[in-house]
Amino acid sequence: QALLQESGPGQVESSQTVFLTCDVSGVAITADFYYWGWFRQPPGKGLELIGYIDKSGKPFYNVSLKTRPSIARDTVKNQFTLQLTSVSPEDTAVYYCASRISPVGVPHGAKASERRYWDYWGPGTQVNVSS
């Protein structure tokens, strides 16, 4: 069973870059059939997939966020990270990391953002962006 824990700055100013870390325990982030994702949920809105990496570290991103997110991993620390550039108050949200175990990958489209398709979740970390 994977245990995930997010950490981040809590508060940032507009136009800055947010850097979040997800520490993973219980399973190696290089394990077969695992996918590691970042999500967010703005106040009063639904869950949104930001992107994810596969076991080789190859990233896939939600096209709606254009080139702003970047997901990377550190296999020594067994963690993966999210960098989100040029933030604005619209990026204020609770940010979650999650993992999915599947030999067939991550669903396409809206299903990829649904909580039920991901197996383990961190508790979330609040990021507030001030104008």
message: For L4 and Y96: C-alpha separation, side-chain torsions, deciding distance, then whether side chain to side chain contact (heavy atoms under 4.5 Å, CB included) applies.
response: CA-CA 9 Å; L4 298 93; Y96 300 92; over 6 Å; no
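- The shortest side-chain heavy-atom distance between Q1 and D119 does not fall under the 4.5 Å cut-off.
- Checking side-chain atoms of Y61 against main-chain N and O of I71 turns up a donor-acceptor pair under 3.5 Å.
- Note on V94 and L65: separate hydrophobic clusters, where clusters join Ile, Leu, Val, Met, Phe, Trp and Tyr whose side-chain heavy atoms are under 4.5 Å apart, directly or indirectly.
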Output a table of donor-acceptor pairs, distance under 3.5 Å, between side-chain atoms of residues 8-20 and any protein atom two or more places apart or on a different chain; print 'none' if there are none.
from : atom 1 : to   : atom 2 : distance (Å)
S14  : OG     : S130 : O      : 2.9
Q16  : OE1    : E13  : N      : 3.1

- prompt: When you look at T92 and Q126, which way does the side chain to side chain contact (heavy atoms under 4.5 Å, CB included) test go after all the steps?
  reply: CA-CA 8 Å; T92 292; Q126 178 73 43; 3.9 Å; yes
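- In the hydrophobic cluster analysis, where Ile, Leu, Val, Met, Phe, Trp and Tyr join through side-chain heavy atoms closer than 4.5 angstrom, L3 is grouped apart from Y34.
- Across E6 and W38, no two heavy atoms sit closer than the pair CG-CZ3, 4.0 Å.
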With a cut-off of 3.5 Å and sequence neighbours excluded, list every side-chain donor-acceptor pair involving residues 74-82.
from : atom 1 : to  : atom 2 : distance (Å)
D74  : OD1    : V76 : N      : 3.0
D74  : OD1    : K77 : N      : 3.0
N78  : OD1    : I29 : N      : 2.9
N78  : ND2    : V24 : O      : 3.0
N78  : ND2    : V27 : O      : 3.0
Q79  : NE2    : D23 : OD1    : 2.7

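- Grouping the Ile, Leu, Val, Met, Phe, Trp and Tyr side chains by contacts below 4.5 angstrom, directly or via other members, places Y120 apart from Y117.
- Residues satisfying the ring-ring contact (aromatic ring centres under 6.0 Å, His included) test with F60, not counting sequence neighbours, are Y52.
- In the hydrophobic cluster analysis, where Ile, Leu, Val, Met, Phe, Trp and Tyr join through side-chain heavy atoms closer than 4.5 angstrom, V127 is grouped apart from F39.
- Taking CG of D91 as the start and CG of N128 as the end, the distance is 11.5 Å to the nearest 0.5 Å.
- A distance-only check finds no donor-acceptor pair linking the side chain of R40 to the backbone of E48 [under 3.5 Å].
- For the pair A112 and P107, the tightest heavy-atom approach, listed with the atom from each and the gap, is CB-O, 3.3 Å.
- The aromatic rings of W118 and W121 lie perpendicular to each other, with more than 60° between the two planes, well past the 30° mark.
- In this structure, CG in L49 is found 12.5 Å from CZ in R115, a value given to the nearest 0.5 Å.
- To the nearest 0.5 Å, atoms OG1 (T21) and CD (Q5) are separated by 11.0 Å.
- The two atoms that bring S102 and Y35 nearest to each other are O-CE1, 3.5 Å, heavy atoms only.
- V106 and F33 sit in two unconnected hydrophobic clusters of ILVMFWY residues. Membership requires side-chain heavy atoms under 4.5 Å apart, directly or through other members.
- With hydrogens and angles disregarded, a donor-acceptor distance shorter than 3.5 Å links the side chain of R73 to the backbone of S56.
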